[in-house]
Amino acid sequence: MRIIEAKDYVDMSRKAADIIAAQIILKPQCVLGLATGSTPIGAYDRLVEKYKNGELDFSKVSTVNLDEYKGLDRNNEQSYYYFMHKHLFDRVNIDKTRTNVPDGMEPEAEKECRRYEDLITSMGGIDLQLLGLGHNGHIGFNEPAEAFDKETHCVDLSESTIEANKRFFAAVEDVPKQAYTMGIKTITGARRILVVVSGEDKAEIVAKTLTGDITPKVPASILQMHSEVIVVADTAALSKMPR
Ligand code: F6R
């Protein structure tokens, strides 16, 4: 595992974008695993800048997103499909038919999860998976549990997640109760993983994830077992790492 320290959020975003850009330059037809959330937005902005400056070509790149709310329409501003188009896909020359997000409107969970796993396999697996880190160590929607969930699956969102998300919706009834997410095996099947983390509020979980026990109670701790993990974290997020 390589830990790259960035000065702050802007520097973290620049470094993460450089790593993603290097992947695209090395293999123009690469498969990128992508994440939503607030942390990668700066890196997506930098990638758009690189595209606009003529430094980067997305035309052969394929993507698979980590997760999506079940029951949310693509046009819903809170859907991850919407997020990805807004922050990246609509701003670069990616072929949209090569971009993939779990289908939140597929009611049959088993069918959608199988389809998504098969899709990733048919694409030849993920070259570089981008991950953010939840305060409780979650990656994707893989929340702390007694065992690692392996493949793409449907999760029931915890009360605290529903509570935290309700500010984005008109009413609490509108907040999705379930989500589709790649599993731990799907994520760690990526040939290389890039984790981005920023802010002091993540410092404790960063230290736990990177130096603590490997346990499903801290899902991201499994990343210690992967041979090609790069963590780009700012000084604040690394402030509780044992020196
Ligand atoms: C996003 C995702 C989540 C986030 C995590 C961190 O697709 O799967 O696991 O990466 O919740 O979110 P932020 O970056 O908002 O702190």
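Below, all heavy atoms of this structure are taken into account, side chains as well, without hydrogens, waters or symmetry copies. For ligands, and for the atoms within them, numbers begin at 1 and follow the listed sequence.
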Taken in chain and number order and not counting sequence neighbours, the residues that satisfy side chain to side chain donor-acceptor pair (under 3.5 Å) with D103 are none

E200 side chain vs S239 backbone, donor-acceptor pair below 3.5 Å: no

Run the salt-bridge test on K7 and D234 with the 4.0 Å N-O cut-off and return the result as yes or no. no

re atom 5 (C) of ligand 1, the protein heavy-atom contact at minimum distance is H138 NE2, 3.4 Å

Can I get a per-line list of side-chain donor-acceptor pairs under 3.5 Å for residues 211-219, giving both atom names and the distance, sequence neighbours left out?
unit_1, atom_1, unit_2, atom_2, d
T211, OG1, A207, O, 2.5
T215, OG1, K217, N, 2.9

Give me the nearest non-hydrogen protein atom to atom 8 (O) of ligand 1 as residue plus atom name, then the distance to 0.1 Å. D67 OD2, 2.5 Å

I need the single residue from I94, D95, T99 that forms a side chain to side chain contact (heavy atoms under 4.5 Å, CB included) with T97. Which is it? D95

among protein heavy atoms, the one nearest atom 16 (O) of ligand 1 is K202 NZ, 2.7 Å

Do the ring planes of F83 and H87 sit parallel (below 30°), tilted (30 to 60°) or perpendicular (above 60°)? tilted

N/O separation below 3.5 Å, G140 to ligand 1: yes

Using heavy atoms and a threshold below 4.0 Å, how should the contact between T39 and ligand 1 be classified: side chain, backbone, both, or neither? both

Which label fits H85 and F89: parallel for a plane angle under 30°, tilted from 30 to 60°, or perpendicular past 60°? perpendicular

Please work out, at 4.0 Å between heavy atoms, whether the side chain, the backbone, both, or neither of L133 comes within that distance of ligand 1. backbone

For this output row, return yes or no: ring centroids of F141 and Y69 closer than 6.0 angstrom. yes

So for T36 against ligand 1, with non-hydrogen atoms under 4.0 Å, the contacting part is both

Any N/O of Y80 closer than 3.5 Å to an N/O of ligand 1? no

shortest atom 12 (O) of ligand 1-to-protein heavy-atom contact is with G37 CA, 4.2 Å

In ligand 1, which numbered atoms sit nearer than 4.0 Å to a non-hydrogen atom of L66? 8 (O)

Look at ligand 1 and say whether H135 reaches it with a heavy atom at a distance under 4.0 Å. no

For atom 10 (O) of ligand 1, the option (of G199, S198, G132, G134) bearing the nearest heavy atom: G132

